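What follows is a set of notes on a single structure, which appears directly below.
In what follows, every chain begins at residue 1, and chains take the letters A, B, ... in the order their sequences are listed. Computed from a predicted model, the values in this text were never measured in an experiment.
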Protein chains: 2
Amino acid sequence: VRLGIVGTGLIGASAGLRARAGGRSVTGWDRDPEHLRQALALGALDAAAAGLPELLASCDELLLAVPVPATLELVARLASDPPPARAILDVASVKLPVVRAASGLSAFVATHPIAGSERSGPGAARTDLFEGRAWTYEPGAREPARSLARALIEELGARPVPLASADHDRIIALTSHLPQLLAVALGKQVAAHVDEPGVLELCGPGIGSMTRLAASPWSMWRGIFTENGQMVAQEVRILTTILSEAAAALESDSPQALEEWFATAAGLVARLQPNGTAAERVVETPDP
Amino acid sequence: VRLGIVGTGLIGASAGLRARAGGRSVTGWDRDPEHLRQALALGALDAAAAGLPELLASCDELLLAVPVPATLELVARLASDPPPARAILDVASVKLPVVRAASGLSAFVATHPIAGSERSGPGAARTDLFEGRAWTYEPGAREPARSLARALIEELGARPVPLASADHDRIIALTSHLPQLLAVALGKQVAAHVDEPGVLELCGPGIGSMTRLAASPWSMWRGIFTENGQMVAQEVRILTTILSEAAAALESDSPQALEEWFATAAGLVARLQPNGTAAERVVETPDP
């Protein structure tokens, strides 16, 4: 069963490494020839396709691992001219617009691996990137594509989690898109003062971990904030309300009000451990 | 030269481990007998003092490594009944109130190591916790205490950075107290939904790193938010303004406005690397 990977950045190359480790034959293509060359050199691919049409024509299963705008474009193109692949998975961080664009493409399964890094490109790829992580898929996808998608997700070391696209987009705004925007906003605020005496020196490990995500490239996030902007804005508004409450408590010299917040947040951190993922304590979710 | 450490939690025990590795004789005391016993067992101390008065009476230099309220209390006590030590350093994350409380205590030097962890207690101690990190001290402290403090800071592996207490408190509100509050606020927001279907599964490494600090105990932060509340509130207000701008950009379907923010924040992250600290690229600051 030949796997074709479109886009050999962090996600695509990590999937290639893992699939090959499991014995799969993997062909890849990237519109950036340097990314494609690197992925091949790193062992993430058995072969580099001469072009996208060649790749699409020759694979039994396809993983589309490109940013949101490129995913939308590619999925629309495949919907109007379906390739022979029996399962076509995307990995975009926003699902509803992708599902809409894929209308009529019966082999398509909208999916999203809950894994990643603020680093990007094939150089950041890891064989174990998806190990034990949740990887959602649209339960409304058609068979046999849906079963093949579940099998591929498991083959890549991840846990298949059925999640309707609308629920996915609403929840991911809170758990991923909001934290990303927050890291950027905090980074912007600190950057405005970083050349003042003492500021860089007073940046310790805490601010380091709270801004690290901001190294993730805009090219990856542009499409996400375009397609899921309303959901994200809603979560941002809720956070500003929480922060305004905190400011008011501090200004009125009643920080004790924050004690309960600390307890609540520490409880969440404990549930996300170890390794910042909840993978270990969630039981396998059955196919609906 | 006998070093006495009051408070054998993360900071005190890490200092003990490092000082002993450098050949110092270290005696410690903690009001929590279990912390004291653990620190001794871990090799962070040569000896455990029978009590605080015994420790204070017998040391040439003192490191006060206790939370802010306990620091204020202890420093006031020492100011009214000075021990024989030639240098007394605190490590509190807020400096002005401590300097005020220490008024008249000529051996006192207000300091702050820019190092730490969301974990606490002697069990989290590390010999290299301060390695290469900035460690600020009040340049207005008297001699010979000031020089002895600089020497001790270097002995512990850190880089002594002179910084006036008022500047310290203003800057640290931005670089440490704000990120802490942010991790807690985000944790609170996510915790409110974490039992809904799919939410815990969609918590990936990003939300993990953005809430990790919230594991830091309230007992450590209560005094900080009490003593530096106004400064922190000011920074929180600035962040809510930035976030409101972001929400407005998303709501009006113009996420492109965020592109520049991403670039600015990524620039900051690059300057904080590696390991989330700026230590490596800052030149030694001379004693003023």
### Task
For side chain to side chain contact (heavy atoms under 4.5 Å, CB included), just list the numbers for A/Glu259 and B/Arg222, CA-CA rounded to whole Å, side-chain angles, deciding distance to a tenth of an Å, and then say yes or no.
CA-CA 8 Å; A/Glu259 180 169 11; B/Arg222 182 173 58 85; 6.0 Å; no
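- Highest contact tally toward chain A, considering only B/Leu258, B/Asn228, B/Asp253, is held by B/Leu258 [criterion: heavy-atom pairs under 4.5 Å].
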Practice item. Check the pair A/His193 / B/Ile171 against side chain to side chain contact (heavy atoms under 4.5 Å, CB included), numbers first and verdict last. Key: CA-CA 9 Å; A/His193 298 278; B/Ile171 298 170; over 6 Å; no
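- Ranked by non-hydrogen atom pairs under 4.5 Å with chain A, the options B/Ala191, B/Ser219, B/Ser117 are led by B/Ala191.
- Among B/Ser244, B/Ser176, B/Ala215, the residue with the largest count of heavy-atom pairs under 4.5 Å with chain A is B/Ser244.
- Residue A/Leu213 touches chain B through its side chain alone, counting heavy-atom pairs closer than 4.5 Å.
- Among A/Val190, A/Ile242, A/Leu202, the residue with the largest count of heavy-atom pairs under 4.5 Å with chain B is A/Leu202.
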Apply side chain to side chain contact (heavy atoms under 4.5 Å, CB included) to the pair B/Leu181 and A/Leu250, showing each step before the final yes or no.
CA-CA 11 Å; B/Leu181 196 57; A/Leu250 295 172; 3.9 Å; yes
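- A 4.5 Å side-chain heavy-atom check between A/Leu174 and B/Ile207 finds every atom pair outside the cut-off.
- For the set B/Asp167, B/Val194, B/Ile172, B/Leu239, the count of heavy-atom pairs under 4.5 angstrom toward chain A peaks at B/Leu239.
- Ion pairing of B/Glu201 with A/Arg159 is present here, as a side-chain N (NZ or NE/NH1/NH2) and a carboxylate O approach within less than 4.0 Å.
- Looking at A/Pro217, only its backbone comes within 4.5 Å of chain B, counting heavy atoms on both sides.
- In this structure, chain B has heavy atoms under 4.5 Å from both the backbone and the side chain of A/Thr226.
- Heavy atoms of A/Ala248 lying under 4.5 Å from chain B belong to its backbone as well as its side chain.
- With contacts defined as side-chain heavy-atom distances shorter than 4.5 Å, the pair A/Cys203/B/Arg271 does not qualify.
- With respect to A/Arg237 and B/Glu251, a salt bridge is recorded, a charged nitrogen being found less than 4.0 Å from a carboxylate O.
- The main-chain N or O of B/Val269 is never found under 3.5 Å from a side-chain atom of A/Thr211 such that the two would form a donor-acceptor pair.
- Looking at B/Gln256, the atoms closer than 4.5 Å to chain A (heavy atoms on both sides) sit in the backbone and in the side chain alike.
- Of the atoms belonging to A/Ala115, it is backbone heavy atoms, and not side-chain ones, that fall under 4.5 Å from chain B.
- A side-chain donor-acceptor contact under 3.5 Å links B/Glu235 and A/Gln189.
- Between A/Glu118 and B/Ser209, every side-chain heavy-atom pair lies at or beyond the 4.5 Å cut-off.
- Not counting sequence neighbours, the partners of A/Trp218 by the ring pair (Phe, Tyr, Trp, His ring centres under 6.0 Å) test are B/Phe262.
- Interface check for chain A: of the options B/Thr264, B/Val184, B/Val236, the most heavy-atom pairs under 4.5 Å are formed by B/Val184.
- For B/Pro197, the part lying under 4.5 angstrom from a heavy atom of chain A is the backbone only.
- The candidate from A/Gly229, A/Ala233, A/Gly267 with the greatest count of non-hydrogen atom pairs under 4.5 Å with chain B is A/Ala233.
- Contacts between A/Glu245 and chain B at a heavy-atom distance below 4.5 Å are absent for every atom of the residue.
- For the pair A/Thr240 (side chain) and B/Leu243 (backbone), a donor-acceptor distance under 3.5 Å is absent.
- With a threshold of 4.5 angstrom between heavy atoms, A/Ser216 approaches chain B through N, CA, C or O but not through any side-chain atom.
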For A/Leu182 and B/Leu186: C-alpha separation, side-chain torsions, deciding distance, then whether side chain to side chain contact (heavy atoms under 4.5 Å, CB included) applies. CA-CA 9 Å; A/Leu182 205 52; B/Leu186 181 63; 3.9 Å; yes
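- Top candidate by heavy-atom pairs under 4.5 Å with chain B, chosen from A/Arg170, A/His112, A/His168, is A/His168.
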